[in-house]
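Here is the naming used below: chain letters follow the sequence lines, and residue numbers restart at 1 for every chain.
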There are 2 protein chains.
Amino acid sequence: MKTIENSPLTQKLSAFVALSEVELAALERLHQRRRSFVAGRDMVHQGQSAQAAYILSKGWVCSYKLQPDGTRQIVDFQVPGDFLGLRSVLLRTSDHSFEPIVDIEAAEVLTVDLLDAFAQTPRLATAILWAASRDEAMVVEHLVGIGRRDADARMAHFLLELGSRLALVGMGGKEGFECPLTQYHLADALGLSAVHVNRVLRQLRECGLVTFRDSHVTFHDYQGLVTLAEFDATYLDQTGPLLK
Amino acid sequence: MKTIENSPLTQKLSAFVALSEVELAALERLHQRRRSFVAGRDMVHQGQSAQAAYILSKGWVCSYKLQPDGTRQIVDFQVPGDFLGLRSVLLRTSDHSFEPIVDIEAAEVLTVDLLDAFAQTPRLATAILWAASRDEAMVVEHLVGIGRRDADARMAHFLLELGSRLALVGMGGKEGFECPLTQYHLADALGLSAVHVNRVLRQLRECGLVTFRDSHVTFHDYQGLVTLAEFDATYLDQTGPLLK
DNA sequence: CGGCCATTTGACACCTGTCAATGTCTGTGG
DNA sequence: CCACAGACATTGACAGGTGTCAAATGGCCG
């Protein structure tokens, strides 16, 4: 049981819903089928509704869509504690691919097990649906960022969001966080060219706002970044009508 | 019953799932609480999970997110047959606003009624969940478009998608469709300035591809547009594991 | 040591935004 | 019926943000 209390997903959910022993046990059950995947090789997820989802426990993943012309757009990143393909279990989902950015560990969750857990522990269901709606809010915010923010603000916003998400699972704070992404990942996610990502990072660094180097993000002026990005984290925690 | 057989939602769902009398009756029941809204005034939807959804039967709506700096990003448009706030009933959803673009008519759907219908007619549930996942696929495709297509291709892709959606409810085809959007709407949706939208439209027109004028879109060279936009409609119909 | 990958930098082109002005149409009020 | 205001569409000039191309640098690993 110790393992589960330390699992990133448990940490994340606990931040928003107080989980009882029963619910922790249900979470434990979901974590049974451990699997691992190596970096770079796609875990192709065709979006068939009967398929399994994964709970990412270690490592980073990105979900992306390939264009006919060869470019790709990264739709979202998954960090420890995040679901992978959750929507393809709840709903059917669009065709995008999943690529592990580093070697990862994840728990495979069968649809039936998930529905079982939902039926038996409604509070857990609520918590997980909260996580799903939060993921969706992030995609929308991502859309807004690409459509209406310039490159600097976009980058700042992205790093702040990532920081907030990682903070929830104890992997970062207002000082910074470990980040295995390459500048190409950033480019594909933010709708920029890799060259311009580099320029933007340099500028943010020279302004004393944030440093991205050697797989580590360091915030030097958190408030300054927030201002530049017009970052408003409410879409991330949604501290509204949640279970107390 | 006649009314329902003609409803846009019925048309849309029928294209993918053969609906029986029982299912049509259930759809009928969902259409009971008719309401109308006037153009321009927001139907604010805060995303509380207990709230109702709407089935749009006439007119156009856009869902958008406002930025602190005053700009806005339109996330999606809804046309007749589309759900409005469906996800805020199924999941919790992010905070965006809904604005009727013209005077609209819609049926209010209470959460309980929807869940009732789901419980009693699983095929209808499947069909509606299909519609929801299609909406989500469109948001993702929208993200890809803004991130990775230039203005011309973005516009072409957008118009083609809209045409396909409207064709499903008998409001358009490969020749064109009625479209009440202003160039400002296009700008806010595509992440462009209104001025540039105008330039792009002119260019597409002068290339003999498509005309957007007087609230009417006319395709002059459908295949040419498809090529320019690299438009692949599979994400729209998802003719995969569906009920036959 | 020799590739390979990620990062970095500069030069240059061009796509797109901004500013400003004009044109068109519609509805309103005189 | 005409004058006018307001919303939307259109156009031109110009600036600036980003993409592209090319090359150099540096770290890692076989």
**Report entry** Atom pair distance, as rounded to whole Å: CG in D214(A) and P in dG27(D)
**Finding:** 9 Å
Report task. Kindly state which residues belonging to residues 180-196 of chain A come within less than 4.0 angstrom of DNA chain C, counting heavy atoms of the residue only, listed by number. Result -> T182(A), Q183(A), Y184(A), V195(A)
Query - Closest to the N198(A) side chain, choosing from dT16(C), dT8(C), dT20(D) - result: dT8(C)
Query raised in the report: Going by the angle between their ring planes, with limits at 30° and 60°, are F177(A) and F219(A) parallel, tilted or perpendicular?
Result: perpendicular
Query raised in the report: Could you give the CG-to-C1' distance, from D150(A) to dG16(D), as a whole number of Å?
Result: 11 Å
**Report entry** Distance test, side-chain N/O of R202(A) to OP1/OP2 of dT9(C), below 4.0 Å
**Finding:** yes
**Report entry** Any donor-acceptor pair under 3.5 Å from Q73(A) side chain to A189(A) backbone
**Finding:** yes
Query raised in the report: Could you state the CZ-C1' distance from R149(B) to dG19(D), rounded to the nearest angstrom?
Result: 18 Å
Report summary line: side-chain contact (heavy atoms from CB on, under 4.5 Å) filter on D82(A), not counting sequence neighbours, yields K12(A), Q78(A), V79(A), R165(A)
Query raised in the report: Has the side chain of R199(B) got a donor or acceptor that lies under 3.5 Å from a partner of the other kind on the base of dG17(C)?
Result: yes
Report task. Measure up the H157(A) and Y235(A) rings against each other and bin them: parallel (under 30°), tilted (30 to 60°), perpendicular (over 60°). Result -> parallel
Report task. Would you indicate, yes or no, if dG19(D) has its OP1 or OP2 atom less than 4.0 angstrom from a side-chain nitrogen or oxygen of R148(B)? Result -> no
Name each donor-acceptor pair under 3.5 Å that joins a side chain in residues 191-201 of chain A to protein atoms two or more places apart or in another chain, with its distance.
unit_1: S193(A); atom_1: OG; unit_2: H196(A); atom_2: N; d: 3.1
unit_1: H196(A); atom_1: ND1; unit_2: R199(A); atom_2: NE; d: 3.0
unit_1: H196(A); atom_1: ND1; unit_2: R199(A); atom_2: NH2; d: 3.3
unit_1: N198(A); atom_1: ND2; unit_2: Q183(A); atom_2: OE1; d: 3.0

Query raised in the report: What's the verdict on ring-ring contact (aromatic ring centres under 6.0 Å, His included) for Y222(A) and F231(A), showing C-alpha distance, side-chain angles and the deciding distance?
Result: CA-CA 11 Å; Y222(A) 193 87; F231(A) 182 66; 7.6 Å; no
